[in-house]
Structure formats: C-alpha cells, structure tokens
Amino acid sequence: MNILFLGDVVAKSGLTAVLHSLDRLKKQYAVDFTIVNGENAALGKGITEPIYQALVHAGADVVTLGNHAFAKKEILNEIDHCPLLVRPANMEPTERGQSYVIRRCGNKKVAVVSMLGQAFMNTVTEEPIPAMQKILSEIKADIIVVDFHAEATSEKILFMYYFHNDVTAVIGTHTHVQTADERVYEGCAFISDAGMCGPYESILGRDIEEVTKGMVHKTKTRFLPAKGPSIVCGAVIRIDDDTNRAVSIERIQIRPGAPSS
Ligand code: FE2
C-alpha cells in the first residue's frame, strides 16, 4: 500500500495548489490512501466545513488538524458533520470531534491519529505519550499513521522511537519547513516535518511584510497569509502488504514553476 501525506495546507494559495495537484500525485505515486493536514487552510489558520469537503472531494481520505484546529469558531459546530476530520487527541476542547479515524483501504484497516507535541503549545491537555497509549488500547487496525503536530524535532523523534513497534508511520507537521531526515526505523516510517503546502515566497506561509511589521517594527499586524503560488510538500510511505510495516518513505517537494511529471 502507498500512502500519500501532504503537510499543512496554508491559506487559499495552498488549498488551490493541493486541489489542483492531488489527482496527479495520486497517479504518479500509485497512491492508495491520502492524508492531508488542513489545519491552516482557512485564511492561514483553522479549517471550515466547506474546505474540508473540498479536500475530501479532491481525494483526501482523511484530513488532519493541529493546534489551530478550532481557530475558526464555526468548525466547533461543523466538526460532527465531518467524519474524516481528525483533531489532536490531547488538546482543548477534548469533547469536540474525534482524535482518530479508522478507514478501510482494500482489505486493510488504516487508522490515522492526530497528536500535539508539548513545546510552545498552550492548548495541550495531556502529554503525548500517555495520550497515544490510551488510543492504542482502543484501536484495532492493520496500519496506524500518526500526524505528530509539534514544534520540537526532539519530541517528534522521541515519539517515533517510543512507538515504532506499535505504529506504521510518524509524520511530523506544524513547522511548515520540510526536513531531510526521512527514514524507516524497524518498519516505522518517519520524517520530522513533512513541510507545508502554502505560499512559497513567504515566512512559513505568512506575508513577508506583515511579519516584518510585527517582528521588526513592533507594529500591530494580522500576520496575513502571503499571496502567490504555493509549494506542495509531503511524503509517500510504502507499506509491505504482508507485514503492514513501512518499507520506504520518499519526500515530495514541488516548488512553483517546477515541471510536472
Ligand atoms: Fe500548527
């Protein structure tokens, strides 16, 4: 089985790029199952039901979230109508939405889990390792993929070593910068960060002038998302159908203007 994971979709430009490239990527990599992190898809922060529906319609099997899961307040009421949307397990408000989804893919059951790291995250309700242990005690699936949404690479690497026997892949998100440390450790695929699907000429997807105003000149700014074409980042994980363990992970990074193959 081949699983495509696309990193944080940022704003309209990132959403447009993902909606336009999903079909081609799925054919190019013979993808069986697609996971998209959509936590920044609505104006750069949060998600709405129409955006979730657009991602599913374009071919996402599961849409994951992160620390900005509930940035758009309407999603609090909409999330129960979004059965393929996964919010972090260890984040307030814990009573809304679901922290994992299990879907059939051929003759396999694929579970997708969303988990937050602790560093620089102010909405975390529980440490990720006990939170994951609880989920593992509930899940019955052939393949388990964790979107580990965190700032610190050390937390992501620790999580992978701790759970590598229990899960098929740990894919880091949140920093918006793709790392080059993809690997398979004893059947568990890992990358510290899949990178973003968002405006390329930007600061993590935000408008460069807006960030400069706020951080250098200390003037009030809304840190609006940048405009312009997006980079598309993610990874393809290949899984052995006999063992349900990962055999490879390949980074994807398509910069604006790059020829499509
Ligand atoms: Fe995030």
Side-chain angles (χ1 to χ4, degrees), residues 5-15 17-18 35-48 51-52 55 60 62-73 75-76 79 82 85-94 96-100 112-128 131-132 145-160 169-179 190-200 202-207 210-211 214-215 222-226 230-235:
F5 187 106
L6 291 182
D8 311 28
V9 179
V10 183
K12 195 172 181 184
S13 167
L15 181 64
V18 168
I35 303 164
V36 179
N37 183 304
E39 83 131 358
N40 298 118
L43 301 171
K45 224 177 184 185
I47 195 167
T48 60
I51 290 174
Y52 156 81
L55 288 168
V62 175
V63 177
T64 54
L65 295 170
N67 57 311
H68 293 134
F70 301 108
K72 299 286 175 282
K73 292 300 165 216
I75 198 66
L76 286 165
I79 199 162
C82 303
L85 191 58
V86 186
R87 46 71 45 85
N90 54 342
M91 174 186 156
E92 289 175 339
T94 51
R96 298 298 177 101
Q98 53 198 347
S99 50
Y100 61 84
V112 180
V113 180
S114 171
M115 190 66 68
L116 282 191
Q118 288 182 285
F120 306 116
M121 296 288 190
N122 53 14
T123 51
V124 171
T125 54
E126 188 178 11
E127 291 182 13
M132 187 66 202
V145 179
V146 183
D147 176 343
F148 194 85
H149 196 81
E151 190 75 42
T153 46
S154 55
E155 270 194 277
K156 295 171 175 178
I157 296 167
L158 166 68
F159 191 91
M160 182 276 287
V170 176
I171 306 298
T173 55
H174 178 66
T175 72
H176 293 193
V177 178
Q178 188 179 68
T179 55
F190 175 75
I191 185 167
S192 287
D193 208 292
M196 72 170 174
C197 300
Y200 184 50
S202 72
I203 297 171
L204 308 182
R206 305 277 155 195
D207 181 82
E210 290 271 310
V211 178
M215 296 184 71
R222 293 173 60 205
F223 291 101
L224 291 169
S230 278
I231 192 170
V232 171
C233 291

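These numbers were taken from a predicted model, which means no experiment stands behind them. Both ligands and their constituent atoms are indexed starting at 1 by order of listing.
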Please give the atom name: the N, O or S atom of His174 nearest to the Fe ion (ligand 1). ND1

Sort out for me which residue in Asp193, Asn40, Asp147, Thr64 forms a side chain to side chain donor-acceptor pair (under 3.5 Å) with Thr173. Asp147

Determine the sole option in Glu151, Glu126, Glu127 for which the side-chain contact (heavy atoms from CB on, under 4.5 Å) test with Gln118 is passed. Glu127

Pick one: which of Lys45, Arg87, His174 meets side-chain contact (heavy atoms from CB on, under 4.5 Å) with Glu39? His174

Specify which N/O/S atom of Glu39 comes nearest to the Fe ion (ligand 1), by atom name. OE2

Return the name of the atom in His149, of element N, O or S, nearest to the Fe ion (ligand 1). NE2

The Fe ion (ligand 1) reached by Asp8 (N, O or S, under 2.8 Å): no

Is a donor on one side and an acceptor on the other found under 3.5 Å between the side chain of Glu155 and the backbone of Ala150? no

Can you tell me if, anywhere in Asn67, an N/O/S atom lies at a distance from the Fe ion (ligand 1) that is smaller than 2.8 Å? yes

Is it true that atom CD1 of Ile203 has more than 12 heavy atoms of other residues, nucleotides or ligands lying nearer than 6.0 Å? yes

